[in-house]
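Data block below; observations after.
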2 protein chains.
Amino acid sequence: MSSARSRMEDVAARAGVSVATVSRALRDSPLVSDATKQKVLAAAEELDFAVFRAASALASGRVGRIAVLISGPVRAWFNGAVLDGLYDGLRAAEHELSVYRVTSLADREAFFGTLPVRRNADALVVTSFALTTDERDRLSSIGMPLVYVNQQVEGLPSVSIDDAAATRLGIRYLVNLGHRWPAFAQVDARIGFTYSALGRLDGYRAELAGLGATASDVRVLRARGADDGESVVAQLLGLADRPSAVMAESDELALSIMAAWTRLGLRIPDDLCVLGFDDQTLAETFGLSTVAQPVTELGRRAAAMALQLAAGEEPAQREVLLPVRLVLRRTTAALRR
Amino acid sequence: MSSARSRMEDVAARAGVSVATVSRALRDSPLVSDATKQKVLAAAEELDFAVFRAASALASGRVGRIAVLISGPVRAWFNGAVLDGLYDGLRAAEHELSVYRVTSLADREAFFGTLPVRRNADALVVTSFALTTDERDRLSSIGMPLVYVNQQVEGLPSVSIDDAAATRLGIRYLVNLGHRWPAFAQVDARIGFTYSALGRLDGYRAELAGLGATASDVRVLRARGADDGESVVAQLLGLADRPSAVMAESDELALSIMAAWTRLGLRIPDDLCVLGFDDQTLAETFGLSTVAQPVTELGRRAAAMALQLAAGEEPAQREVLLPVRLVLRRTTAALRR
DNA sequence: CTGTTAGCGCATTCAC
DNA sequence: GTGAATGCGCTAACAG
């Protein structure tokens with residue numbers, strides 16, 4: 001059990017074969033007989049041997065690792081959920097996951113300036129980024145397969161939901177409950193970090209327009225952060241023709257709106273209907289109706305696609321679109337006059 | 001810009017030096033003159049060169065990566081917050097972060113059986129695990145420095161809070177507000193995943209005992225999951241001598257209790273005071289009073305310690321204990337009869 | 001301070 | 001099916 005230090009050579013000696021055979025056997029190559037495979041596996045087990053992936057990478061050119069670039073902290077629910085899905089997809093293929101995070105403008109410049117990921121991953125998954133053209137070019141220039149999550153770049157591999165359509169679904173639901181017209185709450189884009197926000201706003205505007213609302217019926221409320229429901233409530237209460245329903249761009253913002261609203265002694269859904277977006281952990285806890293997106297599944301699909309591209313295969317479908325669904329709970333109800 | 005393919009050799013040629021010098025210059029070795037360093041850096045920049053870490057690892061024996069083992073999904077707030085801290089600490093040192101996750105018993109056996117991490121990281125950080133003796137032995141056997149987060153193992157490097165003391169602080173606060181005696185809500189340990197839960201329960205019992213409560217004053221309420229506040233509320237309302245305050249082992253559970261409680265038309269803090277543990281993102285949103293633990297800082301300190309151990313240095317302090325603090329918001333108040 | 005030399009541990013030719 | 005030989009790109013002695 002000198003574990004950490006034993007090499008393939010030792011395993012080969014113990015199994016009575018050559019290192020080449022050990023290498024092949026451990027990677028389950030069809031070029032090795034079953035009998036030999038068993039011997040090698042047994043020897044490796046006894047010596048508690050594990051392949052030193054760095055050496056393997058140097059010899060093969062593949063590092064056995066997929067990198068992911070996330071915007072914002074890992075503790076943000078969306079990022080965590082995507083990482084869970086990526087991990088699911090990668091573990092089965094015995095690949096590792098390297099995380100790169102960009103939270104500030106400085107981070108962002110540092111990342112795109114040096115691209116530390118290059119040569120050190122077999123593929124890169126980029127989530128929810130509102131990339132500039134320069135940044136996108138920079139990424140493509142590193143000669144590494146790229147998969148976008150919740151961001152469509154024409155012709156490039158991506159796994160997304162249709163943010164605009166999902167928002168339209170939510171708005172249509174509110175309108176069908178009699179709410180004319182729902183407002184839409186959004187976090188002020190700081191550094192243009194989230195790509196999805198744009199699509200959702202577009203969806204809101206498009207659906208209202210399609211249903212015959214006029215320009216003045218469009219009410220976009222702005223928060224300074226996902227926890228700034230208070231500003232949204234203030235804006236709501238300051239409107240001449242107060243909306244009876246509001247859709248938020250995320251559950252987090254929706255929950256914050258709920259907290260601010262009820263703290264004033266106002267009720268939900270009686271005085272205001274609230275519809276979220278995401279279906280994160282606490283949405284169910286608080287009975288929040290929401291448009292659910294399959295974030296972990298986005299991650300799984302992205303992992304699968306990244307693995308295919310890393311292996312040089314062409315994925316069957318380059319632009320995967322996953323369905324969302326409306327989850328009805330207790331924060332929405334028909335309008336009562 | 002053949003970027004992804006240029007090697008040190010090319011940089012050396014362009015800078016007019018040897019590859020050894022390039023290697024040293026890029027790692028900012030003091031053995032290289034400033035003038036040479038500049039030349040090399042310029043050449044590397046022009047060729048858009050990046051070191052192939054796998055080759056570097058093979059030659060040096062260090063892989064430039066710290067691994068972390070988390071229990072439960074990445075999207076759990078605690079895990080995300082720790083990962084953020086680890087990332088902070090590692091990025092500055094140009095190290096990467098590899099994530100290993102264990103969510104089920106099968107995962108757990110697979111991980112400890114094969115220890116995929118061995119030889120592929122310079123140190124391992126283990127968070128919040130209630131490890132068996134076997135598992136701990138298995139970890140030590142891989143000859144890799146280990147750092148425990150929120151888990152103290154005598155003599156081994158760790159970064160933690162004092163869970164028992166933190167809970168006692170919270171309970172004492174409630175008692176000083178006149179609540180005799182507060183109950184404690186906890187999630188049923190499934191596979192013995194979280195280490196902290198044990199310490200918190202101990203702290204609750206110890207503080208009540210220390211303040212003169214009798215055995216029947218100790219009320220431990222059990223939930224089937226962090227989102228099962230409903231069970232806790234049911235147990236509360238079924239008690240003969242209903243407590244006027246409850247402390248939960250986590251904010252998530254506390255928030256769920258709040259949701260279930262207010263849904264019944266009961267009020268907080270009037271009819272029940274609720275105290276959480278963590279100070280996660282949504283605690284502030286909902287005005288939850290809580291015992292705040294510096295999770296991201298735990299991650300930073302763990303990263304620093306892991307880097308030191310990986311470099312063969314002995315950290316100044318092997319068992320770091322970080323302070324918690326009480327955050328008073330709107331879910332706790334003095335008892336009014 | 002800089003260059004030369006010799007591997008690091010594995011995957012992959014090519015023989016057999 | 002298996003073994004022997006070669007080299008992946010870099011770092012670490014050792015000279016100078």
Side-chain angles (χ1 to χ4, degrees), chain A residues 2-41 43-44 47-65 94 118-120 122 143 310-312, chain B residues 2-41 43-44 47-65 94 118-120 122 143 310-312:
Chain A
S2 65
S3 67
R5 295 281 155 247
S6 71
R7 294 164 310 141
M8 236 178 222
E9 202 180 312
D10 306 333
V11 179
R14 187 175 192 101
V17 297
S18 70
V19 286
T21 300
V22 173
S23 171
R24 286 189 276 248
L26 291 179
R27 280 171 308 116
D28 203 28
S29 157
L31 296 177
V32 183
S33 74
D34 278 352
T36 313
K37 230 173 244 178
Q38 295 313 320
K39 271 194 305 186
V40 172
L41 259 33
L47 292 173
D48 199 21
F49 171 80
V51 169
F52 185 34
R53 301 182 77 122
S56 161
L58 182 55
S60 72
R62 292 196 46 189
V63 296
R65 184 176 310 115
E94 300 196 298
R118 74 182 179 292
R119 306 186 71 197
N120 295 305
D122 298 323
Chain B
S2 64
S3 65
R5 296 281 156 248
S6 72
R7 295 164 311 141
M8 238 178 220
E9 200 181 314
D10 306 335
V11 179
R14 187 175 191 103
V17 297
S18 70
V19 285
T21 300
V22 173
S23 170
R24 288 189 276 248
L26 291 179
R27 282 173 302 127
D28 203 28
S29 156
L31 295 176
V32 184
S33 75
D34 279 351
T36 313
K37 232 172 244 181
Q38 296 311 321
K39 272 194 305 187
V40 172
L41 258 35
L47 292 173
D48 199 19
F49 171 81
V51 170
F52 185 34
R53 300 181 78 124
S56 163
L58 183 54
S60 71
R62 292 196 45 189
V63 297
R65 185 176 312 117
E94 297 195 300
R118 75 182 179 291
R119 307 188 72 196
N120 296 305
D122 297 324

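- Applying the side-chain hydrogen bond (donor to acceptor under 3.5 Å, both in side chains) criterion to B:Thr21, with sequence neighbours excluded, gives B:Ser18.
- Checked against side-chain hydrogen bond (donor to acceptor under 3.5 Å, both in side chains), B:Lys37 has the following partners two or more places apart in sequence or in another chain: B:Asp28.
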Item to complete: Assign a letter to each nucleotide of nucleotides 10-16 of chain C from its 5' end: B, base within under 4.0 Å of a protein heavy atom; S, sugar-phosphate only; -, no contact.
Response: BBBB---

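- Closest heavy-atom contact between B:Ser23 and B:Met8: CA-CE, 3.7 Å.
- Among residues two or more places apart in sequence or in another chain, the salt bridge (Lys or Arg N to Asp or Glu O under 4.0 Å) test is passed with B:Glu94 by none.
- Where B:Val17 and B:Leu58 meet DNA chain C, the nucleotide closest to each residue was compared, and B:Val17 sits on the side nearer the 5' end.
- We find that CG of B:Asp34 is positioned 9 Å from P of C:dC1, with the value rounded to whole Å.
- The interatomic distance linking B:Leu31 (CG) with D:dT11 (P) rounds to 14 Å, in whole Å.
- Taking A:Arg14 as the reference, A:Glu46 meet the salt bridge (Lys or Arg N to Asp or Glu O under 4.0 Å) condition, with sequence neighbours excluded.
- Residues forming a side-chain hydrogen bond (donor to acceptor under 3.5 Å, both in side chains) with A:Glu9 (at least two apart in sequence, or on another chain): A:Arg7.
- Rounded to an integer number of Å, the gap from A:Asp28 CG to D:dG1 C1' is 15 Å.
- Atom CG of A:Leu47 and atom C1' of C:dG9 are 15 Å apart (whole Å).
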